[in-house]
Trainee: 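Below you will find the structure I want to go over with you.
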Amino acid sequence: MTKDHQKSNVDAESQSKNSADSKTEEVVQKPLSLDDVLTNELGQFGWFQLRNILLVAIPILMSAFPNEYVFSAAATPHRCRIPECGEVSKSHKYDPEWIMNAVPSTNKGLDSCKRFLPLDVDSNGTLDYCPATLFNNTAKVACDGFVYTKNNTVVYEFDLGCQEWLRALAGTLNSIGTLLVLPITGFISDRYGRRFALIISVLNLGTIGLIRAFSVNYTMYLILQILQTTLGAGTYSSAYIFVTELVGPKYRVVTSATSSSLFGLGQVVLGSIAWLITPWRNLLMALHIPCYIIISYFWILSESLRWLLSKNKHTEAKEVLLTIARVNKKNISEKSLNALLNKNEPNVIPSKTAGPGLVRSILRSPVLRRRVCTTPVWWITAIFVYYGLSINSTGLSDTMHLNYILTCAIEISGFYTAVLVLDRIGRKATLSSCYLICAICNIAFVFIPNDMTATRLIVYLLGKFTISTVMTSMYLYTSELYPTEYRHTLLAFSSMVGRVGSVVAPLTPVLKEYWHGIPSFMFASMAMLSALLVFTQPETRGLKMPDSLAEAEAIGRSAFTVNKKAVK
């Protein structure tokens, strides 16, 4: 009995040990993820992913169309209307032979907002003859009405002469809308799917843009401007998430750069169409009517596989998985198929213990606190300079459409340059040097004479090239500085604060009225500040992304410490 009892105890202990080992293995074992299946079976980037990118390229191009205010609400040269000489409307000839008798000149041409004081005389001039004797050329008065050089802009249509801040408000409201759209699109995308969010965003973009073409006053135009971006500017983020969620880890950086480049190409398309179709109402219709082709995407575009898996929509997910395998000419094993489809939760390994909370962690950690104060400044600068250079490019010369196209086209090379240099010279060297070169270009631009058109354009484009490289690099570097548990929140916080730059950027052309170099010096000073702030942060090239706050704090102090934790 004693031996049997001892044997029973041994067996029980053995079973208990095996059971414990089994549970330990079950906890430690990493669940099969979609990235594993893409890497090992379906292909990280095959024909299916390529087809998705080609389909989504169209909405990404369209996401640039709300920026048409750069042309429709562009600054239009104007001068005072002279009723003493027979001018009764805003459509008269801008520069008749007698105009210098009635309107003073400036270093930029005719004064936009002042005219000579009319004398109280019995006779009046005509449209063909208006003598200087009708005016006191030593006194100036404000305009009662205006005459414009062009009749196909919002400025002419709604008579916005000498109301530059009001005219620039269109761009500011456009940028505010891009800030307001973030939580709206995020909710729709996570609740109803990536495809639904994409289609609804493009439909809103097209519909409101089309209605805006029939604005009866400037107030209606402005309200529809902010409404269009608030409900439709989620097009880019929806498309970006859609294409990046289905490519393997190896191709995510290239896919990200490609998405950014497609947006740049969309701006080139916008500038080209605006060059061909100058009347602003016709331009709006030409841009937004094609948006309705997005309706066909309900049938030709598959829903995001990653979203379907996260929502346990197994039937739809299985269909997409088999379609990917067929199109990519690959095979997915039954084991992998069942492992992905039979999960009742997303492929995320939960943290073992709850952290102290984001705010408390920031207050407790000097390293994290310094980064939270630094990265938003990078984002404000990059977005402010990026949009500011695009908007101000239309004033480089008389060919504003060509200037805009060239400035936007140079972005594409900047995006891919970031991909090539980040892993070669490091994050800090890339960001700091690009910020510094951008600052030097903006300072130099101020002092280059206007008659050196080619030189001015080259320096300006170099500044835009470097800030475009910063835009792509900044996403990666910011992500690598923060721990996994706070990465998404703090990246979104930096991006959201950075939108201040896009709100202020449309107002910078107005500052040229005071001195032509103000915008460029603003861009340069912000870029120099950010270049210096880059040196306050550690290099992250070659290091794993930190999972915990301790790992994030260890970056820069000891690369061995971070890599050692990666091995454990």
Trainee: Can you tell me if Tyr387 uses its side chain to pair, donor with acceptor, with the backbone of Val503 under 3.5 Å?
Mentor: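 Not confirmed, Tyr387 side chain does not pair with Val503 backbone.
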
Trainee: Please examine the side chains of Arg81 and Arg115, heavy atoms only from C-beta on, and report whether any two atoms are closer than 4.5 Å.
Mentor: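 SC-SC contact between Arg115 and Arg81 ruled out.
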
Trainee: Where the side chain of Thr508 meets the backbone of Val504, is there a donor-acceptor pair that is under 3.5 Å apart?
Mentor: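 Checked: no pair found.
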
Trainee: May I ask you to check whether Glu157 and Tyr221 show a side-chain donor-acceptor distance below 3.5 Å?
Mentor: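 Note: Glu157 and Tyr221 side chains miss the donor-acceptor criterion.
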
Trainee: Is the side chain of Ser432 donor-acceptor paired with the backbone N or O of Lys428 at a distance under 3.5 Å, no angle test?
Mentor: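 Here the side-chain-to-backbone pair exists.
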
Trainee: Would you check if the side chain of Trp379 reaches a backbone N or O of Gly501 as a donor-acceptor pair within less than 3.5 Å?
Mentor: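 No: the side chain of Trp379 does not pair with the backbone of Gly501.
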
Trainee: Output yes when a side-chain donor or acceptor of Ser468 lies under 3.5 Å from a complementary backbone atom of Gly414, and no otherwise.
Mentor: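 Side chain of Ser468 to backbone of Gly414: no pair is present.
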
Trainee: Excluding sequence neighbours, so at least two apart, what forms salt bridge (charged side-chain N to carboxylate O under 4.0 Å, His left out) with Arg370?
Mentor: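 Arg370 satisfies salt bridge (charged side-chain N to carboxylate O under 4.0 Å, His left out) with no residue once adjacent residues are dropped.
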
Trainee: Do Thr153 and Thr76 meet the criterion of a side-chain donor-acceptor pair at a distance under 3.5 Å?
Mentor: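 A donor-acceptor contact under 3.5 Å links the two side chains.
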
Trainee: Judged by modelled atom types alone, do Tyr416 and Thr258 share a side-chain donor-acceptor pair under 3.5 Å?
Mentor: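 Present: a donor and an acceptor within the cut-off.
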
Trainee: Does any N or O in the side chain of Arg281 come within less than 3.5 Å of the main-chain N or O of Ser215, such that one atom is a donor and the other an acceptor?
Mentor: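 Looks like yes, one N/O pair under 3.5 Å.
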
Trainee: Test your reading of the model: is there a side-chain donor-acceptor pair from Gln228 to the backbone of Leu205, 3.5 Å cut-off?
Mentor: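 Yes; judged by distance alone, with no hydrogens or angles, the pair exists.
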
Trainee: In terms of side-chain heavy atoms, does Ser530 have a donor or acceptor partner in Thr381 at a distance below 3.5 Å?
Mentor: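 Per modelled atom types, Ser530 and Thr381 side chains form a pair under 3.5 Å.
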
Trainee: Looking only at the side chains, is there a donor atom on one of Asn136 and Thr138 sitting less than 3.5 Å from an acceptor on the other?
Mentor: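 Their side chains do contain a donor-acceptor pair, which is all the 3.5 Å distance test asks for.
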
Trainee: Is Asn442 reaching over with its side chain to a backbone N or O of Phe523, donor-acceptor style, under 3.5 angstrom?
Mentor: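 No: the side chain of Asn442 does not pair with the backbone of Phe523.
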
Trainee: Between the side chain of Tyr218 and the main-chain N/O of Arg167, is any donor-acceptor distance below 3.5 Å?
Mentor: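 It does hold such a pair.
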
